Amino acid sequence: MLDSMTAAELQERFAISRADWRRITADPGMFEPLDPKDTQGVTKWPVPGFVRWLAARHPELAGSTPCLLRPAGRVAAQYHGGVYHNEDYPEYFAGHWRTDLGRLVIAYPREQAFSPAVVLEQVPGAAIVVVVQNDWNLYGLPNLDAADRDRPNLVYEPRWSEVAAHIGTEVPWWPSALRRPGHLTAWFPAHAPEAVQAVSWPKWEPLYDMAYREAKGTPVRIACISIGHEIRAGAVEYARWELDHMNELAEPGGSDGYARRQATQRASMVIPAFPDDSDPAGSEAVDDEEAIRAGVAVLCGRTDDLAVECLEHIGMWSGRYMPFAGSFSVTALNTTAAAGEWIGRLRRVEPTAIHLLWEGSKSRKEVTGTFVDPVTNSPVVTKDGAYMGRPADEVSFHSYAPRRLPEGSRITEVVLDDPIWVRTQDGVVHPAPVLDAPGVSWGYSGSGPGTLATLVGALLDDGAAPAVTYRDGRARDESNLEAFLQLKHPRGTRLPRRLLENVRANGRDRLGLFDRLKYGRARTP
């Protein structure tokens with residue numbers, strides 16, 4: 001980005017000869033440098049201001065300055081349509097304008113920010129590229145980053161008014177949630193603003209597509225419409241917030257110079273769209289997490305591609321709607337007895353949508369087997385050599401913890417492992433009900449033992465207690481258990497219910513119980 005430069009740097013960057021520098025510095029209206037107090041005693045000029053002055057005051061030198069910082073001539077708008085780029089990274093819409101300086105492309109990212117140099121490479125006919133970024137400038141408008149074909153790595157920040165002057169009309173701007181390809185590519189400057197269905201990431205459309213395959217009132221339809229409506233409504237709300245913000249900028253609100261400049265820049269924009277908030281399907285949406293989760297559970301058992309796509313977007317939106325809790329993994333070697341029990345009971349199954357979701361992740365090792373835990377009904381996949389620095393043939397098992405144990409469960413012991421295991425009165429071992437966050441652990445002073453203490457306390461009171469949330473940690477006082485779990489117990493240590501109840505009741509001053517109860521200082525399988 002252009003910031004501040006010394007005289008030598010300005011001469012080199014903008015091809016100003018020594019003779020020309022002497023000439024322009026003799027100009028009575030020479031652009032003033034920054035206060036040396038702000039530049040550690042070095043004489044420097046703010047580059048954008050200097051370049052604008054140079055191009056306006058000395059047009060014979062303007063050819064070496066960034067195109068959009070030069071004064072614009074009187075031109076009529078010549079919009080040549082736009083193209084939506086989604087084949088390669090990044091995804092964006094490019095509007096093409098004809099100017100006196102050549103083809104100007106204004107790019108609107110769908111999500112991620114990127115440099116104008118990317119568009120110059122992908123659009124060979126562009127002489128100038130402006131990328132409308134998703135952050136805000138000094139005046140509360142979206143930032144503009146520009147680069148010219150002859151110097152693609154020199155990124156500068158034109159004003160909205162400067163871009164408008166060069167294209168001969170107001171610059172279109174769409175809220176990020178209203179950049180729907182069909183609307184963007186059909187738009188022309190003469191069009192009136194129109195309602196546009198919000199675009200979201202994760203996407204709501206696959207969920208509606210799935211819902212409309214199902215009969216009304218069925219679990220999958222309820223789940224997909226409810227989650228899809230929530231995603232869509234969030235995108236509409238954000239688009240309206242952006243529009244309200246822009247509309248506020250259109251009103252100067254005072255006579256000070258900043259407000260006037262702010263309003264001037266906003267007046268250089270036109271907004272071609274507003275969100276279409278009509279959603280007939282929304283009447284079927286429910287606010288019942290259990291009902292939604294039940295529908296997602298059915299979706300997990302499907303095998304079609306659309307089910308996989310829906311689960312991908314549901315998982316990105318919110319883990320609370322998945323029928324499982326936090327993810328975990330164990331390896332076939334170096335396991336505790338509890339983990340061995342769990343591995344031994346897994347049943348091989350044909351892959352369903354929830355397995356295929358794992359399989360479709362390009363960032364993970366290839367899935368080599370698909371299983372189910374018959375106790376929790378959680379999906380399980382295996383991979384070979386999943387971890388760097390470990391044997392290439394090491395088998396690892398990947399699954400999810402339950403959200404809670406079955407009603408009527410009573411825990412008889414807790415096993416300190418990764419994951420934490422709990423055994424119930426029927427002798428069955430379960431992965432402890434935990435979420436991906438907050439995490440549980442032991443052996444140090446921190447949040448992990450505190451969360452584990454909260455979980456253990458809840459399970460002692462009710463074996464079917466749900467996974468702990470951040471809110472639960474603030475609502476319960478399990479300081480005695482937390483102090484005990486901060487000790488460095490070896491991995492695999494089994495903590496019987498009687499011991500946990502005594503520690504919970506008597507506190508850390510009675511931790512000698514651990515030896516006296518004859519469960520062993522580190523009783524491991």
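Each residue takes its place number in the sequence, starting with 1. The shown structure was predicted, so the numbers you read here are calculated from the model rather than taken from an experiment.
Formation of a donor-acceptor pair under 3.5 Å by the Thr65 side chain with backbone atoms of Ala62 is found in this model. Distance alone, capped at 3.5 Å, is enough to place a donor-acceptor pair between the His166 side chain and the Arg70 backbone. Although no hydrogens or angles enter the test, the distance criterion places no donor-acceptor pair under 3.5 Å between the side chain of Glu284 and the main chain of Ile222. At least one donor-acceptor pair under 3.5 Å links the side chain of His355 to the backbone N or O of Phe371. Distance alone, capped at 3.5 Å, is enough to place a donor-acceptor pair between the Asn143 side chain and the Trp136 backbone. Judged purely by atom type and a 3.5 angstrom limit, Asn134 uses its side chain to pair as donor or acceptor with the backbone of Glu111. Not a single donor-acceptor pair under 3.5 Å links the side chain of Arg232 to the backbone N or O of Ile227. With hydrogens and angles disregarded, a donor-acceptor distance shorter than 3.5 Å links the side chain of Gln122 to the backbone of Tyr89. Without hydrogens or angle criteria, Arg302 side chain to Ala353 main chain gives no donor-acceptor distance under 3.5 Å. Arg266 contributes a side-chain N or O that, together with a main-chain N or O of Met246, makes up a donor-acceptor pair within less than 3.5 Å.
Side chains of Pro433 and Leu459 form a contact here, defined as non-hydrogen atoms less than 4.5 Å apart. Using a 4.5 Å cut-off on side-chain heavy atoms (C-beta onward), Asp279 and Tyr208 make contact. Here the side chains of Phe114 and Val131 are in contact, with some heavy-atom distance below 4.5 Å. Counting heavy atoms from C-beta on, the side chains of Tyr444 and Pro449 come closer than 4.5 Å. Side-chain contact between Val434 and Pro419 is absent, with no heavy-atom pair separated by less than 4.5 Å. Proximity of His85 to Glu91: side-chain heavy atoms (C-beta onward) are nowhere separated by under 4.5 Å. A 4.5 Å side-chain heavy-atom check between Tyr212 and Arg221 finds at least one atom pair inside the cut-off. Inter-residue side-chain proximity for Gln265 and Ser161 is flagged as met; some heavy-atom pair is nearer than 4.5 Å.
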| said: Run the salt bridge (charged side-chain N to carboxylate O under 4.0 Å, His left out) test on Glu230 and Arg320 for me, step by step, so that the C-alpha distance in whole Å, both residues' side-chain angles and the decisive distance to 0.1 Å come before the verdict. | reply: CA-CA 13 Å; Glu230 185 175 296; Arg320 73 182 187 274; 2.8 Å; yes
| field | Audit row: Glu290, Arg293, salt bridge (charged side-chain N to carboxylate O under 4.0 Å, His left out) steps and yes/no | value | CA-CA 5 Å; Glu290 290 299 327; Arg293 203 173 290 134; 2.9 Å; yes
| task | Using the ring-ring contact (aromatic ring centres under 6.0 Å, His included) rule, take Trp174 and Tyr108 through it: C-alpha gap first, then chi angles, then the decisive distance, then the call. | result | CA-CA 8 Å; Trp174 288 267; Tyr108 303 81; 5.1 Å; yes
| task | Apply the test salt bridge (charged side-chain N to carboxylate O under 4.0 Å, His left out) to residues Glu289 and Arg403: give CA-CA distance (whole Å), side-chain angles for both, the deciding distance (0.1 Å), then the verdict. | result | CA-CA 13 Å; Glu289 285 193 19; Arg403 301 191 76 90; 5.4 Å; no
| Derivation of the side chain to side chain contact (heavy atoms under 4.5 Å, CB included) call for Tyr156 and Arg151 | CA-CA 11 Å; Tyr156 58 99; Arg151 280 179 293 190; over 6 Å; no
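Taking all atoms of both residues into account, the shortest heavy-atom contact from Thr218 to Glu214 is OG1-CB, 3.4 Å. The minimum heavy-atom distance between Ala94 and Tyr92, with the atom names listed, is CB-CE1, 3.8 Å. Among all heavy-atom pairs drawn from Ala186 and His191, the shortest one is O-CE1, 3.0 Å. For the residue pair Ile292 and Val286, the shortest heavy atom distance occurs at CD1-O, 3.7 Å.
Taking the six-membered ring where the residue is Trp, the centroids of Tyr258 and Tyr139 are separated by under 6.0 Å. For Phe50 and Phe14, the ring centers sit 6.0 Å or farther from each other. Note: His245 and Trp241 meet the aromatic proximity criterion, with ring centroids under 6.0 Å apart. The ring of Trp358 has its center closer than 6.0 angstrom to the ring center of Tyr400.
Dense packing is recorded around NZ of Lys44, with more than 12 heavy atoms of other residues, nucleotides or ligands lying under 6.0 Å away. No more than 12 heavy atoms of other residues, nucleotides or ligands shown are found within 6.0 angstrom of CZ on Arg13. Around the CG atom of Asp287, the shell of radius 6.0 Å holds no more than 12 heavy atoms that belong to other residues, nucleotides or ligands. Applying the 6.0 Å contact sphere to CD of Glu9 captures more than 12 heavy atoms from other residues, nucleotides or ligands. Summarising the local packing, CD of Glu194 is surrounded by more than 12 heavy atoms from other residues, nucleotides or ligands at distances under 6.0 Å. Enclosure of atom CG in Asp304 by more than 12 non-hydrogen atoms of other residues, nucleotides or ligands within 6.0 angstrom is indicated.
Using modelled atom types, one finds a donor on one side chain and an acceptor on the other under 3.5 Å when comparing Asp436 with Ser327.
Remark: of the listed residues Val130, Thr264, Asn137, Asn137 is the sole one forming a side chain to side chain contact (heavy atoms under 4.5 Å, CB included) with Trp160.
Sorted pairs that involve residues 274-298 and meet ring-ring contact (aromatic ring centres under 6.0 Å, His included), not counting sequence neighbours, are lacking altogether.
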